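Down below is the structure, laid out as structure tokens.
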Amino acid sequence: MQTITTLAELRETVLQWRDAGERIALVPTMGNLHEGHLRLVEEAHSRAERIVVSIFVNPMQFSDASAGAGDYKNYPRTLESDQEKLSGMTIDVDVLFTPSVEEVYPGGIENETRIEVPEISNILCGEFRPGHFVGVATILAKLFNMVQPGVAVFGEKDYQQLLVIRRFVSDLCFPIEIVGVPTVREGDRLAMSSRNRYLTSEQRKKAATLNQELLLAKHSIKNGLTDFSAIEKKATEHLKAAGFRPEYFSVRRADNLQEANPEDKDLVVLAAAWLGDARLIDNIRV
Ligand code: AMP
């Protein structure tokens, strides 16, 4: 595995592959890799000849980045152990792309062209993290043009993000297949996440409650309960009683995340809640 930090070197490598007619898979991440990320790499391997994993903590998607504080500043940056994890896989990752902020945003972030996906970016996580999905869509569009993959692989843990990506890729005609991979979980079904490390051991024991509430909601719906707001209210109360600070717990249409009606067949229940210093998200399809 070759670690590349500059766009010039990346382009040279990508050009050789494209000249040879090889299909490239991209796995974009912010690093601090865990088994969930590695599962995406395996999926990439099954779909292309060449694999590029990117690690870039993207300031544009953090509201506190310009202040150089908070979540952006504290986000775990663990390049060496990430390199070891990727090199230790039985499959070959061709390139780890770890550009600097200056390499990605040479003109500064404020003056950058931005990609805004309407509606879906402003609900659920978007309501609580204004500007977040603009940052996500913009960095991914840049990475797509840098790496020129035929396929890009993402986790369904970030369900709303996956729909935002599918939308702008379709709207802007990127010739890229977008693949979603089911969430990889700990033994107690807590979704693996770089942010789980912010949990104290006491909070860690409680964290699986989030997924349990999603499972309960799914069973209620499958058992014919159609009063979604009652389901949402009950789950929110349970989460509060368990020490969470819920942002939302919501039953939505799986295709566009609009509020669900009882006659909708394809649903997803999504939740975001703080537990101590960790903001946890999870979702379940119904
Ligand atoms: P992140 O580094 O957290 O921005 O995530 C990079 C990619 O990994 C995104 O596509 C995430 O959806 C995906 N991902 C994160 N956690 C998991 C997980 N537990 N299972 C599957 N994919 C995940």
Side-chain angles (χ1 to χ4, degrees), residues 25-47 51-63 65 71-72 74-79 81-83 85-86 89 93 96-99 101 104 120 124-126 129 132-144 147 149 151-169 176-199 204 207-208 210-211 214 257 268 270-272 278-285:
L26 171 64
V27 182
T29 80
M30 297 202 299
N32 195 236
L33 303 181
H34 51 65
E35 280 174 47
H37 297 114
L38 302 188
R39 180 67 202 85
L40 304 188
V41 176
E42 285 166 7
E43 186 64 34
H45 176 67
S46 72
R47 291 172 179 269
I51 304 176
V52 177
V53 175
S54 65
I55 294 183
F56 181 63
V57 184
N58 173 35
M60 196 191 275
Q61 70 193 63
F62 290 82
S63 60
D71 198 21
Y72 175 68
N74 296 330
Y75 200 87
R77 291 160 170 90
T78 52
L79 181 59
S81 78
D82 291 346
Q83 281 169 321
K85 282 181 190 159
L86 292 173
M89 293 182 77
V93 172
L96 172 62
F97 182 48
T98 60
V101 172
V104 174
I120 194 168
L124 301 169
C125 283
R129 304 182 70 187
H132 172 67
F133 289 116
V134 170
V136 169
T138 303
I139 185 59
L140 288 173
K142 290 181 78 115
L143 285 169
F144 290 164
V147 178
V151 55
V153 186
F154 298 90
E156 287 174 0
K157 185 188 76 117
D158 299 276
Y159 189 84
Q160 185 175 8
Q161 168 175 286
L162 185 57
L163 290 198
V164 167
I165 296 164
R166 287 194 195 283
R167 256 296 293 284
F168 85 77
V169 162
I176 300 174
E177 181 190 358
I178 301 299
V179 174
V181 169
T183 304
V184 177
R185 300 178 179 281
E186 304 285 356
D188 61 359
R189 292 192 50 82
L190 172 67
M192 287 189 185
S193 165
S194 307
R195 290 191 172 89
N196 293 350
R197 62 158 55 194
Y198 300 145
L199 297 168
R204 174 63 193 83
L210 188 64
N211 187 259
L214 290 169
L257 297 186
V268 58
L270 309 103
R279 183 177 181 275
L280 306 178
I281 61 169
D282 202 351
N283 65 82
I284 198 162
R285 289 290 285 273

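One is the number of the first residue; the rest follow in order along the sequence. First listed ligand is number 1; within each ligand, the first listed atom is number 1. Here the structure is a predicted model, which is why all the values come from computation and not from measurement. When reading the values below, keep in mind they use all heavy atoms of this one structure, side chains included, and skip hydrogens, waters and symmetry mates.
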Taking Asn58 for the side chain and Gly135 for the main chain, is one N or O donor matched with an acceptor at less than 3.5 Å?
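Yes, because the side chain of Asn58 sits within donor-acceptor range (under 3.5 Å) of the backbone of Gly135.
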List the closest protein heavy-atom neighbour of [atom]: residue, atom name, distance to the nearest 0.1 Å.
atom                    : result
atom 5 (O) of ligand 1  : His37 NE2, 3.5 Å
atom 21 (C) of ligand 1 : Val184 N, 3.7 Å
atom 11 (C) of ligand 1 : Asp158 OD2, 3.1 Å
atom 22 (N) of ligand 1 : Gly155 CA, 3.5 Å
atom 4 (O) of ligand 1  : Met30 CG, 3.7 Å

NZ/NE/NH1/NH2 to OD/OE distance under 4.0 Å, [X] and [Y]:
X      : Y      : result
Arg285 : Glu156 : no
Arg195 : Asp71  : yes
Glu43  : Arg39  : yes

Can you find a non-hydrogen atom of Lys157 under 4.0 Å from ligand 1?
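Checking ligand 1 against Lys157, which is what was asked, there is a heavy-atom contact under 4.0 Å.
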Decide whether the shortest distance between a heavy atom of His34 and an atom of ligand 1 is less than 4.0 Å.
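Contact present.
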Value rounded to 0.5 Å, distance of CD1 in Ile120 from CD1 in Ile165
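Result: 10.5 Å between the selected atoms.
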Let me confirm one number: the CE-OG distance from Met30 to Ser54, rounded to the nearest 0.5 Å.
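Reported to 0.5 Å precision, the distance equals 10.5 Å.
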Based purely on interatomic distance, does [X] place a nitrogen or oxygen under 3.5 Å from a nitrogen or oxygen of ligand 1?
X      : value
Ala191 : no
Pro28  : no
Phe154 : no
Ser194 : no

Counting heavy atoms only, which part of [X] comes closer than 4.0 Å to ligand 1: side chain, backbone, both or neither?
X      : answer
Ser193 : neither
Leu40  : side chain
Arg185 : neither

Is it true that atom NE2 of His45 has more than 12 heavy atoms of other residues, nucleotides or ligands lying nearer than 6.0 Å?
no
Sub-4.0 Å atoms of ligand 1 with respect to non-hydrogen atoms of Met192:
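So the answer, numbered in order with elements, is 16 (N), 17 (C), 18 (C), 19 (N).
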By number and element, which atoms of ligand 1 are closer than 4.0 Å to a non-hydrogen atom of Thr183?
19 (N), 20 (N), 21 (C)
Using side-chain contact (heavy atoms from CB on, under 4.5 Å), reason through Leu40 and Val184 one step at a time and then give a plain yes or no.
CA-CA 10 Å; Leu40 304 188; Val184 177; over 6 Å; no
Partner of Tyr159 under side-chain contact (heavy atoms from CB on, under 4.5 Å), chosen from Leu124, Leu270, Ile284, Val164:
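Among Leu124, Leu270, Ile284, Val164, the one that satisfies the side-chain contact (heavy atoms from CB on, under 4.5 Å) with Tyr159 is Leu270.
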Nearest heavy-atom neighbours spanning Pro76 and Ser194:
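Here Pro76 and Ser194 meet closest at CG-O, 4.2 Å.
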